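Notes follow once the structure below has been shown.
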Number of protein chains: 2
Amino acid sequence: MDSSSTEAHISRRTTIIDVAKMSGVSPKTVSRALNDEPHVSARVRQLVKDAAAKLDYHPNLTAQSLIARRSFLIGLTYERPSPSYVVDLQNGALDRMHNGRYRLVVLPFNHASERPEELGKLLLRTGLDGVLLAPPACDQIELLDLLDRQGLPYARITPQKDLARGIVITMDEVAAGQAVASHVLDMGHSRVGIILGDPAHAASLARLEGYRRAFAEHGKILDENLIVTGDFTYAVGYDAALDLLRRDPAPTAILAQNDDMAAAALAAARALGLAVPDDLSIAGFDDSEVSRTAWPQLTTVHQPVSAMAWDAADRLIARLDATHEGPALDQRHEHAHALLVRGSTAPPPAYQE
Amino acid sequence: MDSSSTEAHISRRTTIIDVAKMSGVSPKTVSRALNDEPHVSARVRQLVKDAAAKLDYHPNLTAQSLIARRSFLIGLTYERPSPSYVVDLQNGALDRMHNGRYRLVVLPFNHASERPEELGKLLLRTGLDGVLLAPPACDQIELLDLLDRQGLPYARITPQKDLARGIVITMDEVAAGQAVASHVLDMGHSRVGIILGDPAHAASLARLEGYRRAFAEHGKILDENLIVTGDFTYAVGYDAALDLLRRDPAPTAILAQNDDMAAAALAAARALGLAVPDDLSIAGFDDSEVSRTAWPQLTTVHQPVSAMAWDAADRLIARLDATHEGPALDQRHEHAHALLVRGSTAPPPAYQE
DNA sequence: CGCGGAACTGACAACGTTTACCGTCTTCCT
DNA sequence: AGGAAGACGGTAAACGTTGTCAGTTCCGCG
């Protein structure tokens, strides 16, 4: 009647002993055969593998971990960014781990900057072999100190500070910011509103620095009053955009530091009756899904999130699998950004014929 | 010079033995003290805790797992759905596990319907205690058979078939489909185009059944020629919408089976010069992020993904933590949908004054 | 002053696998 | 025939923790 009652029986998982008995060899030979070690004849190896298959035997990972002194768990920690960013990170990392022995544990953690040691405790408590640190955790020096002290290896994805520390996967945020700003300035815009991301992310300031360089390069002045602070979320971005657009005179272009906030600016513009890109140009950042599903599609900067996560996982795993005498691996790798010009940017109204 | 050379030293993790030595009691007592078990005097308990804190001691989870015969790992498997759906699932499940001993391992797997036993092998090989199955894996009977045979507990999120099997968290997809279709029909639409999701997801057909009921209820005919098949992705949804909108006469409303495809329909409508909702009404499904960041915001059906994932994790954990003699828990839980009427739907052109 | 019982503590085995070391028995080569 | 290399098994130990059980201490009470 109750299907769960059947499993109340002795449902002991099959162990290596069972396989040994079935194939008529010693447990140790089973181990050797299944792990493709030498000193096993082809006949016995096949015998063992058949028996294992028939019994649906899967070696107990926990026991293997205990003896290997590794959990084969890699953590990924991030802080409420946009869903597509998270998924890109995960997919990149998982793609690298595919068919490996490692498993990916997700560990979102908010407000890492305010309580780094709490995050550190979480990471330690989780029993990881290594951890992938996305912004802003990758820039929490206190956290890095703790991890170093406890000997937990980490790979940092797009950190902005202390770039000599640990495995570092970067993108030149300054150059990326400069590229998108130059694009807008090239088209003739001068009054440019800026919606910053979360100030806790060092990337926000790096991108702003890029904007400044573009302005300097073009001999134009970046109006500090047109810089407002967001936090990478749509809701706050919407208010920030409304704030900017109600200025007099209003900016003719808005640079948002991620696509979600750019999409919010798009909505704010529509609410005020402004056409994009004819009345107002909007550029985002990240090349996330929303930049493609928005209308018009957003001009943005492609951030190779998946590729960086892949790389981070790759180097972290290389580090974990390295025999300790091996030569130090190069710890740093820089990825290229790419400006994607789409439909949300155009010359300012005055310039149109 | 090379910072990694320092860790080549004996960086043995601190064990319970170290704590025992430091506090001058037996390892067993340390274990008891730290786990807040009885039979330890307050004095000794404090002594041990102090020593543990001073040594930054964290018990080895692997060893604990070995003896508990549990890995404290819960898997989540899903198949390339929209990022916000994945993130909602994860957040819901993680929210339940917060501060528990369980950890969430993500296991995306594509084309589960074509090779269920491969997915099963992956789940088994990963050493999980239990697994959360999102669509369409939750409806792969072959997979459920394999998991049952191996005794791996699972919770199914919004399955459509075999609802008596395992832990089942459902939403009435038929009723949800009926609700959104009724909304559109109520406003006076008759020529309604439909963009189905991936046919491998049983939910696609359930929602369609709901549409049919709404049409029947309103005494209207659902034109089978206006049903096109998508796969839940934006790109395919775009082509499907273009296909529908080029019919003569074109539909005055489109029901898309998820928000991504609805956003694509929005873009397709704009490409053809149609205004939404004045010329064309569009409704989505899921209440995902894109339904809020699109413009106009999409009328959609809220699917309580996070809440369902929370529930799935909750019941799965209850099952895992249950002493085997405990009474059978209720295995089924149904969540309510909610129709969200937003800006993308309005009466058809002929009805407007 | 001794006794019963509760409270506390520790020795030992166990979880399932791999590693180490050594011994035996084939097999095949010269 | 002698010898060497390869194949395999036995036994023991290890990984770090907790369950079992027996032992010790401490207390109040007769």
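Note that this is a predicted model, so its numbers are computed, not measured. Convention: sequence-line order gives letters A, B, ...; per-chain numbering from 1.
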Rounded to whole angstroms, how far apart are [atom1] on [X] and [atom2] on [N]?
X       : N       : atom1 : atom2 : answer
R45(B)  : dT9(C)  : CZ    : C1'   : 13 Å
F72(A)  : dT17(C) : CZ    : P     : 15 Å
K21(A)  : dG16(C) : NZ    : P     : 12 Å
D129(B) : dC15(C) : CG    : P     : 18 Å
R70(A)  : dG16(D) : CZ    : P     : 15 Å
L34(A)  : dT17(C) : CG    : C1'   : 12 Å
Q46(A)  : dC8(D)  : CD    : P     : 13 Å

*Would you indicate whether the side-chain heavy atoms of R165(A) and R156(A) approach each other to under 4.5 Å?*
yes

Is the phosphate of [N], meaning OP1 or OP2, less than 4.0 Å from a side-chain N or O of [X]?
X      : N       : answer
S26(A) : dC8(D)  : no
R69(A) : dG16(D) : yes
S41(A) : dA7(D)  : no
H39(A) : dA7(D)  : yes

For the side chain of [X], counting heavy atoms from C-beta on, which of [options] is nearest?
X      : options                   : value
K28(A) : dG10(D), dG19(D), dT18(C) : dG10(D)
T15(B) : dC8(C), dG16(D), dT20(D)  : dG16(D)
I16(A) : dT19(C), dG19(D), dT17(C) : dT17(C)

Hey, are [Y] and [X] close enough side-chain-wise for a donor-acceptor pair under 3.5 Å?
X      : Y       : answer
Y78(A) : N110(A) : no
S71(B) : D129(B) : yes
T62(B) : S65(B)  : no
R70(B) : Y102(B) : yes
Q46(B) : D50(B)  : yes

_Nearest-nucleotide comparison on DNA chain C, the residue closer to the 5′ end among R43(B) and I67(B)_ = R43(B)

*asked:* Using a distance-only criterion (donor-acceptor N/O pair, under 3.5 Å, no hydrogens), is the base of dG19(D) paired with the side chain of R32(B)?
replied: no

*Interface with DNA chain D, restricted to residues 53-66 of chain B and to heavy atoms under 4.0 Å*: Y57(B), P59(B), N60(B), A63(B), Q64(B)

*asked:* Could you check whether atom NZ of K121(B) has more than 12 heavy atoms from other residues, nucleotides or ligands sitting under 6.0 Å from it?
replied: no

